Amino acid sequence: MPELPEVETTRRGLAPHVEGHIVTAATLRRPDLRWPIAEEIQRVLPGQRIDAVRRRAKYLLLDTQAGSALLHLGMSGSLRVVPADTLVRAHDHVDLVLDTGRLLRFNDPRRFGCLLWQPPGEVHELLAGLGPEPLSDEFDGDYLYRLSRGRSAPVKTFLMDQRVVVGVGNIYVAEALFEAGVSPLRAAGKVSRERYVALAEAICRILGHAITRGGTTLRDFISPDGSPGYFEQELSAYGRGGEPCPRCGRPLRQAAIGQRTTVWCGHCQR
DNA sequence: CAAGCGTCCTGGTGGC
DNA sequence: TGCCACCAGGACGCTT
């Protein structure tokens, strides 16, 4: 599923095939994903040149002079650049036809994704309240420490709040908490400055590493899917409930925190 | 303002 | 073997 590293990988894979090229047409095979697809995708985008492909949080923006297509991959979405005669498969919801003779094809089985429009000079309201990028200078342990004071929600929930920091999903938060030795249940406001420093470092390191690994799938980005999933073997906590803790060997605990399955070591994480 | 929870959707899994 | 209930996931938006 596309987490921040996959979205960044998608952006990097897309950019060389898309930037500087003109969208000649848009084919919509269904009117809505999570929300109705913005009408500008068919009315305004065709004829425009894509100047840049940007990422904000898990959103991608295709910038043109007339505005930006704003898309989110949800949990099952993918974007591929394919030859124009490529067979349409299930859940290929949108094609942007490029002047290169290829298509930018959006596939999303579960339709948690979206394809919206951001007029020039505006910031879409979905992006307006987002917290800092985890790999930017704005994000560090001090920032987390300051923002968390007085918060009673579990630190896991706090870190997954996109207003606090973007791009930290259920998988990476589990890994970061494990690496930093912090219990996901601890109230955010009761976590010390030192431990937030460790958490921020863990988040940066894990996301950065995952992006590096995502880079390996860049090469065959255009070819049919089948990317191996770089992370599964490397995960310490996520998806390993009941298995021995990689550090102390005691069984990892699993429970729901904030409606989300959470795995952690009751011994190593305090 | 903060926190908690329902909701959207579909493929994959595990149980019977 | 077939069927079905259930779960996973991000994030909005409503309620408390």
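The sequence lines fix the lettering, A, B, ..., with proteins before strands; numbering per chain opens at 1. Since we're looking at a predicted model, the values are computed, not measured.
Regarding L116(A), its CG atom lies at a distance of 11 Å from the P atom of dC12(C), rounded to whole Å. Remark: C1' of dT7(B) and CH2 of W35(A) are 12 Å apart, rounded to the nearest angstrom. When the C1' atom of dG13(C) is taken as reference, atom CG of L126(A) falls 12 Å away, rounded to whole Å. Rounded to an integer number of Å, the gap from N107(A) CG to dG11(B) C1' is 12 Å. Distance CZ (R260(A)) to P (dA3(B)): 17 Å, rounded to an integer number of Å. Here dC9(B) presents its P atom at 18 Å from CG of L73(A), a figure rounded to the nearest Å. Rounded to whole Å, atom C1' of dA8(C) lies 16 Å from atom OH of Y172(A). Between the NE2 atom of H72(A) and the C1' atom of dA11(C) there is a distance of 7 Å, given to the nearest Å.
Nearer the 5' end of DNA chain B, as judged by each residue's closest nucleotide, is the contact made by G258(A), out of G258(A) and D32(A). Comparing E125(A) and F112(A) along DNA chain C, the residue whose closest nucleotide (by nearest heavy atom) sits nearer the 5' end is F112(A).
H91(A) has no side-chain polar atom (N or O) that falls below the 4.0 Å cut-off from OP1 or OP2 of dC9(B). Residue T261(A) has no polar side-chain atom (N or O) positioned under 4.0 Å from OP1 or OP2 of dC7(C).
Taking every heavy atom of residues 152-168 of chain A and every atom of DNA chain C, pairs under 4.0 Å involve Q162(A), by number.
Remark: the H91(A) side chain and the D108(A) side chain contain no N/O donor-acceptor pair separated by less than 3.5 Å. Defined by atom type and a distance below 3.5 Å, a donor-acceptor pair is present between the side-chain atoms of R102(A) and H17(A). Side-chain atoms of D63(A) and S68(A) form a donor-acceptor pair, as typed in the model, at a separation below 3.5 Å.
Distance from the side chain of R151(A) is smallest to dA2(B) among dA2(B), dC12(C), dT10(B).
At the heavy-atom level, R34(A) lies under 4.0 Å from base atoms of the strands shown.
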> Please walk me through it: do Y59(A) and H72(A) pass ring pair (Phe, Tyr, Trp, His ring centres under 6.0 Å)?
Replying inline: CA-CA 5 Å; Y59(A) 294 90; H72(A) 195 293; 4.7 Å; yes
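In this structure, CG in D95(A) is found 8.5 Å from OG1 in T86(A), a value given to the nearest 0.5 Å.
Atom CZ of R49(A) has 12 or fewer heavy atoms from other residues, nucleotides or ligands within 6.0 Å.
Here the closest non-hydrogen pair linking A15(A) and V53(A) is CA-CG2, 4.1 Å.
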